[in-house]
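The block underneath contains the structure these notes are about, expressed in structure tokens.
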Protein chains: 2
Amino acid sequence: MTSDVDDTAELSRPARRQAEIAAYVVKNGSVSANDLVEAFGVSVMTVHRDLDELERQGVVRKYRGGVSAQPTSVFESNVAYRLNTAHAEKAAIARHARAMIEPGMSVMLDDSTSALSLVDLFEDITPLTVATNFLPAITRLAQLRDITLLALGGIYSATHDSFGGMPCAEAVEALHTDLLFCSVSAVSPTHAFHQEEEIVLVKRAMLRSAKTKVLLVDHAKLQRTALHRLAPLTDFDVVIVDEKTPDDLIRPLREHGATVEVAKL
Amino acid sequence: MTSDVDDTAELSRPARRQAEIAAYVVKNGSVSANDLVEAFGVSVMTVHRDLDELERQGVVRKYRGGVSAQPTSVFESNVAYRLNTAHAEKAAIARHARAMIEPGMSVMLDDSTSALSLVDLFEDITPLTVATNFLPAITRLAQLRDITLLALGGIYSATHDSFGGMPCAEAVEALHTDLLFCSVSAVSPTHAFHQEEEIVLVKRAMLRSAKTKVLLVDHAKLQRTALHRLAPLTDFDVVIVDEKTPDDLIRPLREHGATVEVAKL
DNA sequence: ATAACATAACACCAGAAGACGGTAAGACAG
DNA sequence: CTGTCTTACCGTCTTCTGGTGTTATGTTAT
């Protein structure tokens, strides 16, 4: 919960404040708008706007007189995604993953920031076919030349900024790519986990639809679990972790049969 | 070819210049970068950037020493789409179409600027389910609350900024919406037309997947035809034209059985 | 080898969009 | 009905991105 690597940087001011407000709300269960005005030193208007945005993302519930927190799962998969970061590590993992891609290949990406870092490296590996359900990735890839972009449609989720549900799973199943890069919210020595059933559905479909599967894991994901067991780590051909991962945490994965590679900064 | 309503306005400066450059290239067959520098009074760098963008969209082909034009069909469906506009009329058509939508309905939109105007009106008709394969529409709808967004994935086309191909058609076929709003590049008294086969494929699927079908037509589309016959106008429940459409052009449509409505400014 | 052409890297500028607060009007609970 | 909370609207300020040119470096034909 308490992030060791506290990087409130790398985020626009309102986005950062919103993340902090979200954390504040989750911590206190339910608070009033005025509390937040004092706590963050902004006008009541701004607080309301922030809360509206957080509600749109499904992080909080507004009612007259204040807001309350949503179930942890939602908070985890959204704000975690924002505060989290560990930007440098993600970039290192992406560079490492990049080495596995050859021009001409087909690549699938899930809706994770790790995958997004990877997108920025694609420009130099053309031609390339990329399939993803992650809206930020889609908009970026649409700008690039010599990349065949295959959007995986579905029901939009504001929390993840991606498409999911049955339509998405079906779209995935119609494909078969050379590579899959994906991430999860938690990794035990034996399994990968995720909180949300809908997401699990899509990720499982992706696992079935790729030849080589790669799991991208920054060290914050280890030592944790989440509600749904997504798949055993041995289902992945490679698990890439960042350099900051303690050896103590890597060893158990290897002992259980996973192929772990460490991405150097 | 020569647009009677010459509206170079309503477009960002570079976009306009690019459209003009495209027209210039199509007219002269092939030109050098330096020609364009003189013709448009910008630096050679800017010309190159413009040409890169046009190449990305598939409008021109770059080679050392200059650029050449692509087949007319591509030009038509891209630059036409940009120069075209008639912004006020589109907005009027959108407002007219809006009246057909009730909260709670499901709506499908194709990849047309007409449809895009409609998106801006959705905010007030919530809740609403919207399905579309048009990237600009998707990004806008993702911002809105109380709208269930169903992205229709597929192969990205830079020319249209939308998704298409078989994957898209399949995604469409898995749905059935209350309403469909779509547009085409040309309309004869009896039929709707489009240049590109791939687009026709998707639009036909859309026609099969909606209960009520609405065709949005600004007056520039009439009196023209294109390679592929998409569907008879009687397949549409309503055809909406703008106010500037001469009666002489509307009458034939009605005589052939189409239901035509005129959108007032 | 050289001249013409193309790309990359940097820096600047302007216009647009976003962020924010204030006030006033509207909704809700007690 | 009244006080509190919320929303809508407007004006201001700032921030940021997009568009541009200049210079420098790379590339390709002759």
Side-chain angles (χ1 to χ4, degrees), chain A residues 8-22 25 30-57 60-68 82 120-126 136 139-140 142-146, chain B residues 8-22 25 30-57 60-68 82 87 119-121 123-126 136 139-140 142-146 161:
Chain A
T8 48
E10 304 274 356
L11 228 43
S12 76
R13 194 146 72 90
R16 180 165 63 248
R17 187 186 53 242
Q18 280 164 25
E20 286 167 10
I21 288 179
V25 171
S30 95
V31 295
S32 78
N34 282 332
D35 291 350
L36 295 167
V37 169
E38 292 176 25
F40 291 91
V42 292
S43 79
V44 62
M45 260 321 303
T46 301
V47 167
H48 276 293
R49 275 187 285 249
D50 286 348
L51 294 177
D52 285 346
E53 175 59 21
L54 290 173
E55 184 176 44
R56 197 186 72 87
Q57 293 176 12
V60 301
R61 229 188 74 237
K62 278 184 89 172
Y63 54 86
R64 184 172 180 84
V67 295
S68 66
R82 296 172 147 264
D120 295 329
L121 306 174
F122 282 174
E123 199 160 8
D124 317 311
I125 327 181
T126 55
T139 50
R140 288 196 204 184
Q143 311 294 334
L144 303 182
R145 283 192 292 184
D146 303 317
Chain B
T8 49
E10 302 278 355
L11 229 43
S12 77
R13 194 147 72 91
R16 180 166 63 247
R17 186 185 53 242
Q18 281 163 23
E20 286 168 11
I21 287 179
V25 171
S30 95
V31 295
S32 78
N34 282 331
D35 291 351
L36 294 167
V37 169
E38 292 178 24
F40 291 90
V42 291
S43 79
V44 63
M45 213 35 252
T46 300
V47 166
H48 276 293
R49 276 188 281 249
D50 285 348
L51 295 177
D52 285 346
E53 174 59 20
L54 289 172
E55 183 177 46
R56 198 186 69 86
Q57 293 177 11
V60 302
R61 232 188 71 236
K62 274 186 92 172
Y63 53 87
R64 184 172 180 83
V67 295
S68 67
R82 296 173 146 266
H87 207 64
V119 167
D120 295 329
L121 306 175
E123 199 161 8
D124 317 311
I125 326 181
T126 55
T139 51
R140 288 196 204 183
Q143 311 293 335
L144 302 182
R145 284 194 290 183
D146 303 316
D161 208 2

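Labels below follow one simple rule: chain letters A, B, ... track the order of the sequence lines, proteins then strands, and each chain is numbered from 1. Since this is a predicted model, take the numbers as computed values, not measurements.
If you check residues 41-52 of chain A against DNA chain C, the residues with a heavy atom closer than 4.0 Å are A:V42, A:S43, A:M45, A:T46, A:R49, listed by number.
The distance from atom OH of B:Y63 to atom P of C:dA4 is 18 Å, rounded to the nearest whole Å. C:dG21 atom C1' lies 17 Å from atom CG of A:L36, rounded to whole Å. Atom pair A:F40:CZ and C:dG21:C1' shows a separation of 18 Å (rounding to whole Å applied). For the pair A:D124 CG and C:dT7 P, the computed distance is 15 Å after rounding to whole Å. If you measure from atom CD of A:E53 to atom P of C:dC20, you get 12 Å, rounded to the nearest angstrom.
One axis for each end of the helix from C:dA1-D:dT30 to C:dG30-D:dC1, each built from five base pairs, and the angle between them comes to 50° at 10° resolution.
Looking only at distances, a side-chain donor or acceptor of B:E55 sits under 3.5 Å from a matching main-chain atom of B:K62.
By the side-chain hydrogen bond (donor to acceptor under 3.5 Å, both in side chains) test, A:D35 is found to be paired with A:S32, residues two or more places apart in sequence or in another chain being considered. Listed by chain and residue number, A:R140 satisfy the side chain to side chain contact (heavy atoms under 4.5 Å, CB included) test with A:D120 (two or more places apart in sequence, or in another chain). The side-chain hydrogen bond (donor to acceptor under 3.5 Å, both in side chains) check on A:N34 picks up nothing, with sequence neighbours excluded. Evaluation of the side-chain hydrogen bond (donor to acceptor under 3.5 Å, both in side chains) rule for A:D146 yields no partner, not counting sequence neighbours. Partners of B:R61 by salt bridge (Lys or Arg N to Asp or Glu O under 4.0 Å), not counting sequence neighbours: none found. Partners of B:T139 under the side-chain hydrogen bond (donor to acceptor under 3.5 Å, both in side chains) rule, at least two apart in sequence or in another chain, do not exist in this structure. Listed by chain and number, the residues in a salt bridge (Lys or Arg N to Asp or Glu O under 4.0 Å) with A:E123 amount to none (sequence neighbours excluded).
For DNA chain D, the outermost nucleotides in 5' to 3' order that have an atom under 4.0 Å from a heavy atom of chain A are D:dT4 to D:dA8.
Looking at B:S30 and B:V25, their side chains never come closer than 4.5 Å, going by heavy atoms from C-beta outward. Side chains of B:D52 and A:R145 form a contact here, defined as non-hydrogen atoms less than 4.5 Å apart. Here the side chains of B:V31 and B:L36 are in contact, with some heavy-atom distance below 4.5 Å.
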Under 3.5 Å, sequence neighbours excluded: what are the donor-acceptor pairs made by side chains of residues 44-51 of chain A?
residue: A:T46; atom: OG1; partner: A:S43; partner atom: OG; Å: 3.2
residue: A:D50; atom: OD1; partner: A:R17; partner atom: NH2; Å: 3.2
residue: A:D50; atom: OD1; partner: A:Q18; partner atom: NE2; Å: 2.9
residue: A:D50; atom: OD2; partner: A:R17; partner atom: NE; Å: 2.5
residue: A:D50; atom: OD2; partner: A:R17; partner atom: NH2; Å: 3.0

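Here B:K62 reaches the OP1 or OP2 of C:dT7: one of its side-chain N or O atoms lies under 4.0 Å away.
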Which protein N or O atoms sit under 3.5 Å from an N or O of nucleotides 26-30 of chain C?
residue: C:dC28; atom: O2; partner: A:R64; partner atom: NH2; Å: 3.3

